[in-house]
There are 2 protein chains.
Amino acid sequence: MAMTQDPRISLRLHFESGLTFGRGKADLLQAIDDEGSISAAGRRMGMSYRRAWSLVEEMNAHFAAPLVDSSRGGAHGGGAQLTERGRQVLADYRALEVLLRDQGAAELGRLRAGQRSASA
Amino acid sequence: MAMTQDPRISLRLHFESGLTFGRGKADLLQAIDDEGSISAAGRRMGMSYRRAWSLVEEMNAHFAAPLVDSSRGGAHGGGAQLTERGRQVLADYRALEVLLRDQGAAELGRLRAGQRSASA
DNA sequence: ATTCGTTGTGTCTGGATGGACATAACCAGC
DNA sequence: GCTGGTTATGTCCATCCAGACACAACGAAT
């Protein structure tokens with residue numbers, strides 16, 4: 001239900017600082033929220049832990065407050081959770097996605113229709 | 001008036017084909033429309049003709065109909081104009097930009113506010 | 001035929017990017 | 001104090017990409 005199923009056109013935000021935030025990071029945050037772990041999220045998304053962690057690091061560095069809170073050691077080796085800020089950022093991005101697909105359906109439809117037909 | 005003046009966050013569309021269309025290509029199309037030439041547009045945007053042309057080539061290749069029509073030789077060496085399709089694509093992108101900034105002001109505002117303060 | 005500004009292409013190279021691998025640090029539970 | 005799974009970090013390398021440079025093709029005007 002929350003899955004964006006057929007994103008022929010996806011949204012990416014370009015912050016002035018240089019940070020880019022698009023479907024990849026959004027889905028990663030979502031996966032971390034679901035799994036409670038960066039590594040599990042990475043596995044689920046088919047990316048290496050190294051990559052997943054570096055994306056998290058990048059996001060945490062570019063926002064005033066971290067989006068992901070992590071701890072290591074312990075019963076299950078550690079884990080990670082979204083902070084309130086993290087959930088807010090994710091929610092805001094999702095809202096913009098919905099806004100675009102809903103209110104911008106006409107424009108997106110024209111843009112899609114104008115594409116060269118797939119070279120199946 | 002048509003200038004997007006203070007884009008702290010900009011929009012980029014990711015087509016499934018792999019084409020990305022953001023402020024750069026949009027501004028390039030606009031500049032070509034204004035200047036009537038790819039090279040003049042490139043100069044105006046501070047990019048090499050090679051780069052400007054390759055972006056145009058990329059766009060033309062990914063849409064069913066070209067966005068830019070060009071001709072070489074002649075009195076002024078040649079020139080380029082936006083096709084009707086080109087104007088439509090540009091207009092659609094601009095409309096989505098406006099939609100996002102207008103209807104998405106709350107979300108964008110929160111995202112901006114959450115950024116780490118500039119290291120001026 | 002020469003000129004002139006533009007379109008259209010080829011090639012090279014340095015820097016950024018991402019993937020793969022390796023390894024240390026951590027700590028509840030046993 | 002050993003284990004196990006996770007976080008955190010470093011390094012190397014193939015590869016992609018942007019920028020720079022060079023140059024051919026074109027055609028109206030003169």
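Residue numbering restarts at 1 for every chain, and letters A, B, ... go by the order of the sequence lines.
- Heavy atoms of A/S39 sit under 4.0 angstrom from primed sugar atoms or phosphate atoms, though from no base atom.
- Between A/I32 and A/Q81 there is no side-chain heavy-atom pair separated by less than 4.5 Å.
- Taking 4.0 Å as the cut-off between side-chain N and carboxylate O, B/E58 and B/K25 count as a salt-bridged pair.
- Between B/L111 and A/F15 the shortest heavy-atom distance is O-CE2, 4.0 Å.
- The side chain of A/S70 contributes an N or O atom lying less than 4.0 Å from OP1 or OP2 of D/dA8.
- Residues A/I38 and A/A75 each lie close to DNA chain D; by heavy-atom proximity, the contact nearer the 5' end of the strand is made by A/A75.
- Atom OG of residue B/S10 and atom CD of residue B/E97 lie 7.5 Å apart, to the nearest 0.5 angstrom.
- Put simply, B/R72 has no side-chain N or O that comes within less than 4.0 Å of OP1 or OP2 on D/dA25.
- Here the OH atom belonging to B/Y93 is positioned 11.5 Å from the CD atom belonging to B/Q30, to the nearest 0.5 angstrom.
- The structure places NE2 of B/H62 at 9.0 Å from CZ of A/R116, a figure rounded to the nearest 0.5 Å.
- Judged by closest nucleotide on DNA chain D, A/G74 is the one of A/G79 and A/G74 placed further toward the 5' end.
- A salt bridge links B/R94 with B/D27: at least one charged nitrogen is closer than 4.0 Å to a carboxylate oxygen.
- Rounded to whole Å, the distance from CG on B/L28 to P on D/dA18 is 14 Å.
- You can see that DNA chain C meets the heavy atoms of chain A within a 4.0 Å-exclusive cut from C/dG18 to C/dG29, reading 5' to 3'.
- Here A/S37 lies in heavy-atom contact (under 4.0 Å) with sugar-phosphate atoms only.
- Here A/W53 does not reach the OP1 or OP2 of D/dT7: none of its side-chain N or O atoms lies under 4.0 Å away.
- Taking atom CD of residue B/E58 and atom C1' of nucleotide D/dC16, one finds them 13 Å apart after rounding to whole Å.
- As a whole-Å value, the separation of A/R51 CZ from D/dT11 C1' is 17 Å.
- Using a 4.0 Å heavy-atom criterion, one finds that A/R50 contacts the bases of the nucleic acid, with or without backbone contacts as well.
- Within 4.0 Å of A/S54, counting heavy atoms only, lies no atom of the nucleic acid at all.
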